[in-house]
2 protein chains.
Amino acid sequence: MKKKERQQKIIDEVSINRRVNSSFLSEKLEVSEDTIRRDIKELDDRGLLTKVHGGAISTIQKLYHYNEDVIYNRENKVRIALKAITLLEDGMVIIMSGGTTNLILAKLLPKKLKATIYTYSLPIAMQLTEHPLIETIFIGGKIHRSSMVTTGIDVIQYLSNLRANLCFIGVSALSLEQGITDEGYEVSLIKKAMISASQHTVYLATYNKLNSILNYDVCGFNDIGTVVTDFEPKAPELKAYKNAGLNLV
Amino acid sequence: MKKKERQQKIIDEVSINRRVNSSFLSEKLEVSEDTIRRDIKELDDRGLLTKVHGGAISTIQKLYHYNEDVIYNRENKVRIALKAITLLEDGMVIIMSGGTTNLILAKLLPKKLKATIYTYSLPIAMQLTEHPLIETIFIGGKIHRSSMVTTGIDVIQYLSNLRANLCFIGVSALSLEQGITDEGYEVSLIKKAMISASQHTVYLATYNKLNSILNYDVCGFNDIGTVVTDFEPKAPELKAYKNAGLNLV
DNA sequence: TAAATGTATGCAAAATATTGCATGTTTTGA
DNA sequence: TCAAAACATGCAATATTTTGCATACATTTA
């Protein structure tokens, strides 16, 4: 029996029973206890089980995990997310759009927060399953491959019947002239539906989204409520926005 | 220089430049081009870069990836999934339940298969986004944390309006007396709805699900259509099932 | 289309990894 | 506290993997 095969059997054994000891495995798999110990050590290093005195115990494994290194401008998004979290209270009903800023927000939500969250983004929904007190409702529809969100009439219709306290919208582009715009027609409609379903809307925008205009309107400048961004409050680029009456956090 | 170290250097090189060719790497790392090619092939298999004629190019990193090592009895499930795939044809409308066997099936689906797939499992939906020709529709609802599927009246209602060619159901328990049963009430209702929405139903069952009974009925023994399992066709344990008229693949 | 360049595969030598034992140390639990 | 069990480590025999070469095949490009 090869090493790989043997290690797989150890993993199986550990996942069936909560715990397994080296002497038992040594006998069952017909190798010395030293070999078993070395296997267990290696599997522990790979995070597949936990080595204990006498054998190994199972570790709760995540089926899916996401690679944060892939996210562009991650540091700034973390700062935005942390600011956005201060706006939350227990018991809120929240709608979240897609995008990596909202994904980071989902990850950073306090574990003790009680809330009901509606989303149509697969990664965000996955992330929210790790929060024990958050009830997550996924809004179904046709999946858009690259952005991993659902779109279509089903989503808009569902949102039209919803009442939420707050929604978090990832901003694609923000300008003084056009307000918030998006590059996709479908997404712009969904975001509009989110806005009208919520008492308050919070826009999450990294600084590189400022002063740009895309093809589809989401929200005119005068209707924008709160924008959370990662610019220094005194940065000159923000002055014009503040002067125009925007509530920047 | 060890293999691992060398492969890391190849990855580094590819991520700095967009592309690197084998002859350059052969000279720089002082090994034959054959070795470089073998390294590149292996790294490609692991998804860390993309092999092309003449060398390798960088691959877009996935935001989410799942850990196959976590899946119990993975080898058997792969065999079941491969058998199940032979039942598919282009243009089919398919419903998939949750579970790791279906997840593996989703992963192994031929990249050239054209199909429309309905699912209520987040991991399966994520997996399906990697198939360019598959249109995926996610059935929304309240998310059940540990199994990462949606449940509730919304799901059942949605399924009741659906007509599909085929559905794949992960089996929790199968017995001669009770047929297919499940441990959750909600899940059993959803599976029943899937069955009545589909022309044909395919049950995926690893051998350890045989001869067990759980609390909620999914499908009586006489109504079971096709079961795909990983037992040897001549195994004595299957005899009773075959004698009772079950179509085992 | 032909030459040049890149690729796949089998093979044997060399490199590397695995394993069980011997030895001494640490941990456990009565 | 002390004996028994579990553990870590070095080592040599053994098993496996890696590697470059030779050969034949495929792809590119001038």
Side-chain angles (χ1 to χ4, degrees), chain A residues 1-61, chain B residues 1-60 67-76 78-79 82 107-108 110-112 132:
Chain A
M1 196 194 316
K2 299 242 180 80
K3 188 186 168 191
K4 245 185 162 174
E5 194 184 343
R6 192 181 57 233
Q7 294 191 339
Q8 185 57 54
K9 296 211 176 192
I10 294 174
I11 290 170
D12 291 349
E13 200 65 45
V14 169
S15 62
I16 295 169
N17 312 300
R18 190 181 89 270
R19 189 203 149 96
V20 70
N21 51 343
S22 308
S23 55
F24 169 78
L25 287 171
S26 164
E27 201 166 328
K28 177 155 181 175
L29 303 175
E30 296 173 308
V31 287
S32 72
E33 288 193 33
D34 301 70
T35 302
I36 296 293
R37 268 191 283 275
R38 273 184 282 234
D39 283 338
I40 289 175
K41 184 174 187 309
E42 195 183 322
L43 292 169
D44 189 357
D45 288 345
R46 289 205 277 148
L48 300 172
L49 44 70
T50 302
K51 189 178 186 305
V52 293
H53 194 94
I57 55 173
S58 66
T59 306
I60 308 107
Q61 285 290 315
Chain B
M1 196 192 318
K2 299 245 178 76
K3 188 187 167 191
K4 249 185 160 175
E5 192 185 344
R6 190 181 59 234
Q7 295 192 338
Q8 185 56 54
K9 295 212 177 194
I10 293 174
I11 290 169
D12 292 348
E13 199 65 44
V14 169
S15 62
I16 294 168
N17 312 302
R18 190 182 89 270
R19 188 201 150 98
V20 70
N21 51 343
S22 307
S23 54
F24 169 79
L25 286 171
S26 165
E27 200 167 327
K28 176 154 181 175
L29 302 175
E30 296 173 308
V31 287
S32 74
E33 289 194 32
D34 300 72
T35 303
I36 296 293
R37 268 193 283 275
R38 274 183 281 236
D39 283 339
I40 288 175
K41 185 175 189 305
E42 195 184 322
L43 293 169
D44 189 357
D45 288 344
R46 290 204 278 147
L48 300 171
L49 46 70
T50 302
K51 189 178 186 309
V52 292
H53 195 93
I57 55 172
S58 65
T59 304
I60 310 106
N67 182 358
E68 298 207 24
D69 294 337
V70 177
I71 295 174
Y72 174 67
N73 254 166
R74 187 177 161 281
E75 291 297 321
N76 300 314
V78 167
R79 275 160 46 210
L82 290 174
K107 189 193 170 86
L108 296 178
K111 286 277 186 272
K112 61 193 186 309

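The NZ-C1' distance, from A:Lys3 to D:dT14, rounds to 15 Å in whole Å. Remark: C1' of C:dA8 and CG of B:Asp45 are 14 Å apart, rounded to the nearest angstrom. Summarising the geometry, the separation between CD on B:Glu5 and C1' on C:dA15 is reported as 15 Å, rounded to the nearest angstrom. One can place CZ of B:Arg6 at 12 Å from C1' of D:dT17, the figure rounded to the nearest angstrom. Rounded to an integer number of Å, the gap from B:Ile40 CD1 to C:dG6 C1' is 11 Å. Taking atom CD of residue A:Glu42 and atom C1' of nucleotide C:dA17, one finds them 11 Å apart after rounding to whole Å. The distance from atom CG of B:Leu25 to atom P of D:dT19 is 14 Å, rounded to the nearest whole Å. Counting to the nearest Å, the P atom of D:dA6 and the CD1 atom of A:Ile57 are 17 Å from each other.
Rounded to 10°, the angle separating the first-five-pair axis and the last-five-pair axis of the helix from C:dT1-D:dA30 to C:dA30-D:dT1 equals 60°.
Within residues 27-39 of chain A, the residues approaching DNA chain C are A:Val31, A:Ser32, A:Asp34, A:Thr35, A:Arg38, by heavy-atom distance under 4.0 Å.
Residues passing the side chain to side chain contact (heavy atoms under 4.5 Å, CB included) test with B:Lys111, sequence neighbours excluded: B:His131, B:Pro132. Remark: B:Thr35 engages B:Ser32 in a side-chain hydrogen bond (donor to acceptor under 3.5 Å, both in side chains) (not counting sequence neighbours). Among residues two or more places apart in sequence or in another chain, the side-chain hydrogen bond (donor to acceptor under 3.5 Å, both in side chains) test is passed with A:Ser26 by none. With sequence neighbours left out, the side-chain hydrogen bond (donor to acceptor under 3.5 Å, both in side chains) criterion links A:Thr50 to A:Thr59.
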Under 3.5 Å, which N/O atoms of the protein pair with N/O atoms of nucleotides 23-30 of chain D?
none

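Note on B:Lys51: only backbone sugar-phosphate atoms sit closer than 4.0 angstrom, heavy atoms only; bases stay farther off.
Residue pairs satisfying the salt bridge (charged side-chain N to carboxylate O under 4.0 Å, His left out) criterion with at least one member in residues 14-30 of chain A, sequence neighbours excluded, are listed as follows: A:Glu13-A:Lys28.
Of all heavy-atom pairs spanning A:Val14 and A:Ala56, the tightest one is CG2-CB, 4.3 Å. B:Gly55 approaches B:Ser22 most closely through the heavy-atom pair CA-OG, 3.5 Å.
Between the CD1 atom in B:Ile10 and the CG atom in B:Leu25 there is a gap of 5.5 Å [rounded to 0.5 Å]. Here the straight-line distance linking atom OG of A:Ser58 with atom CG of A:Asn17 works out to 9.5 Å at 0.5 Å rounding. Between the CD1 atom of B:Ile57 and the CG atom of B:Asn21 there is a distance of 13.0 Å, given to the nearest 0.5 Å.
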Please list, one pair per line, the donor and acceptor atoms closer than 3.5 Å that link side chains of residues 37-46 of chain B to other protein atoms, with sequence neighbours excluded.
from, atom 1, to, atom 2, distance (Å)
B:Asp39, OD1, B:Arg6, NH2, 3.1
B:Asp39, OD1, B:Gln7, NE2, 2.9
B:Asp39, OD2, B:Arg6, NE, 2.5
B:Asp39, OD2, B:Arg6, NH2, 3.0
B:Glu42, OE1, B:Lys3, NZ, 3.0
B:Glu42, OE1, B:Gln7, NE2, 3.4
B:Asp44, OD2, B:Lys51, N, 3.2
B:Arg46, NH2, B:Gln7, OE1, 3.3

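Side-chain N/O atoms of B:Ser23 include none lying less than 4.0 angstrom from OP1 or OP2 on C:dT5. Between A:Lys4 and the phosphate of C:dT18, there is no side-chain N or O to OP1/OP2 separation shorter than 4.0 Å.
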